[in-house]
Amino acid sequence: MQTRRDVRRRWRRRRVLAVLAAGSVLGVGAASTIAAWTDNEVATGSFVASVFDTQSQTAGSPTYASHATAANAATLTFPGGALSPGALSQAWINVRTSPASTVGGTISLTSATATGGLVSALEYRAVRLNAAVPTATCNAAAFTSGTPVFVAGGASSYIPVTTVPSNIVANPIDAAGAQLGFCFEVRIQPGAANSFQGASGNVTWTFTGTSAN
């Protein structure tokens, strides 16, 4: 005969089984994977290097061309023949970026070397003009008129032909055929010794072009 206690026990047991069954169903649902749509977006880029190339011309090398080494250096033409102490002589050089250049940059006078017995008595200065220099404009007035931009020496000073300034002047230049002019003035030091008479010297200046970033 079922007692009231037996009925309660059965009822409790059924309730526990029902809760466990619900937990099992929930556990299965939590472990299942829900599928999702996927898609990709892909990007690619192409790159090309810039071009920076310089050329120069002088009165002695009148066609623009690459003069990258001492072996094929452009020839500076200093008129006036033989120099005497204190006498001045000027010569010009134009530097440009080649027409193929896609970026601009700077042009700097970076080195000077010299050979010959007259070298120790020679000194110079140089100014920049912001355009190509016609021969007529590279003269004594280029160093005194207006506000010259000195790249070597100064308004009242010269430096030895074997040196360049310690603070190198970087001269901006644009791309694709932009031009800068430079005018050099050379002299034998005033009061140079008589022993320099008849001596000669050869000077090579180097301009370095550096592209913009």
Side-chain angles (χ1 to χ4, degrees), residues 43-79 89-115 122-155 157-186 202-213:
T44 185
S46 297
F47 304 91
V48 63
S50 61
V51 175
F52 182 74
D53 177 48
T54 59
Q55 301 172 328
S56 61
Q57 68 170 175
T58 63
S61 303
T63 301
Y64 268 114
S66 177
H67 300 100
T69 66
N72 74 331
T75 302
L76 291 170
T77 303
F78 289 92
S89 185
Q90 297 85 24
W92 59 270
I93 179 171
N94 295 329
V95 179
R96 75 173 184 180
T97 50
S98 71
S101 294
T102 58
V103 293
T106 59
I107 305 296
S108 303
L109 179 62
T110 55
S111 123
T113 59
T115 59
L122 290 174
E123 54 189 12
Y124 80 106
R125 60 183 179 173
V127 292
R128 180 196 83 213
L129 300 178
N130 290 323
V133 183
T135 303
T137 63
C138 181
N139 51 34
F143 297 85
T144 58
S145 299
T147 54
V149 178
F150 284 88
V151 298
S157 62
Y158 294 77
I159 62 176
V161 292
T162 54
T163 66
V164 294
S166 56
N167 295 322
I168 293 175
V169 179
N171 304 280
I173 192 170
D174 291 330
Q179 302 176 87
L180 288 177
F182 298 91
C183 184
F184 284 79
E185 184 172 77
V186 176
N202 182 273
V203 185
T204 300
W205 288 281
T206 298
F207 286 91
T208 298
T210 304
S211 69
N213 293 332

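The figures here come from the full heavy-atom set of this structure, side chains too, leaving out hydrogens, waters and symmetry mates. Just so you know, residue 1 is the first one in the sequence shown, and it goes up from there.
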Nearest 0.5 Å, please: how far is [atom2] in [Y] from [atom1] in [X]?
X      : Y      : atom1 : atom2 : answer
Thr97  : Gln179 : OG1   : CD    : 8.5 Å
Thr208 : Ile168 : OG1   : CD1   : 7.5 Å
Ile159 : Ser166 : CD1   : OG    : 9.0 Å

Would the distance check show the side chain of [X] and the main-chain N or O of [Y] forming a donor-acceptor pair, the cut-off being under 3.5 Å?
X      : Y      : result
Thr58  : Gly60  : yes
Thr137 : Ala142 : no
Asn171 : Val169 : yes
Thr162 : Ala114 : no
Thr210 : Thr106 : no
Thr75  : Ser61  : no
Ser56  : Val95  : no

Measure across [X] and [Y] and return the closest heavy-atom pair with its distance rounded to 0.1 Å.
X      : Y      : value
Val151 : Leu109 : O-CD2, 4.3 Å
Phe78  : Gln90  : CD2-C, 3.6 Å
Cys183 : Phe143 : O-CZ, 3.4 Å
Ser50  : Val103 : CB-CG1, 3.7 Å
Pro99  : Gln55  : CD-OE1, 4.1 Å
Ser101 : Ala175 : O-CB, 3.6 Å

Subject >> Check: Phe182 ring centroid to Trp205 ring centroid under 6.0 Å >> reply: no
Subject >> Beyond-backbone contact of Asn94 with Trp92, side-chain heavy atoms, under 4.5 angstrom >> reply: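 Yes - at least one pair of side-chain heavy atoms lies under 4.5 Å apart.
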**OP:** Check whether any side-chain heavy atom of Phe207 sits under 4.5 Å from a side-chain heavy atom of Ile93, and report yes or no.
**Re:**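 A side-chain contact exists here, since the closest heavy-atom pair is under 4.5 Å.
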Original post:
Do other residues, nucleotides or ligands put more than 12 heavy atoms under 6.0 Å from the CG atom of Asp53?
Top reply: yes
**OP:** Among Thr115, Thr113, Val161, find the residue that satisfies the side chain to side chain contact (heavy atoms under 4.5 Å, CB included) test when tested with Thr204.
**Re:**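 It is Thr113, the one option of Thr115, Thr113, Val161 that forms the side chain to side chain contact (heavy atoms under 4.5 Å, CB included) with Thr204.
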Original post:
With Arg125, which residues qualify under salt bridge (charged side-chain N to carboxylate O under 4.0 Å, His left out), at least two apart?
Top reply: Glu185
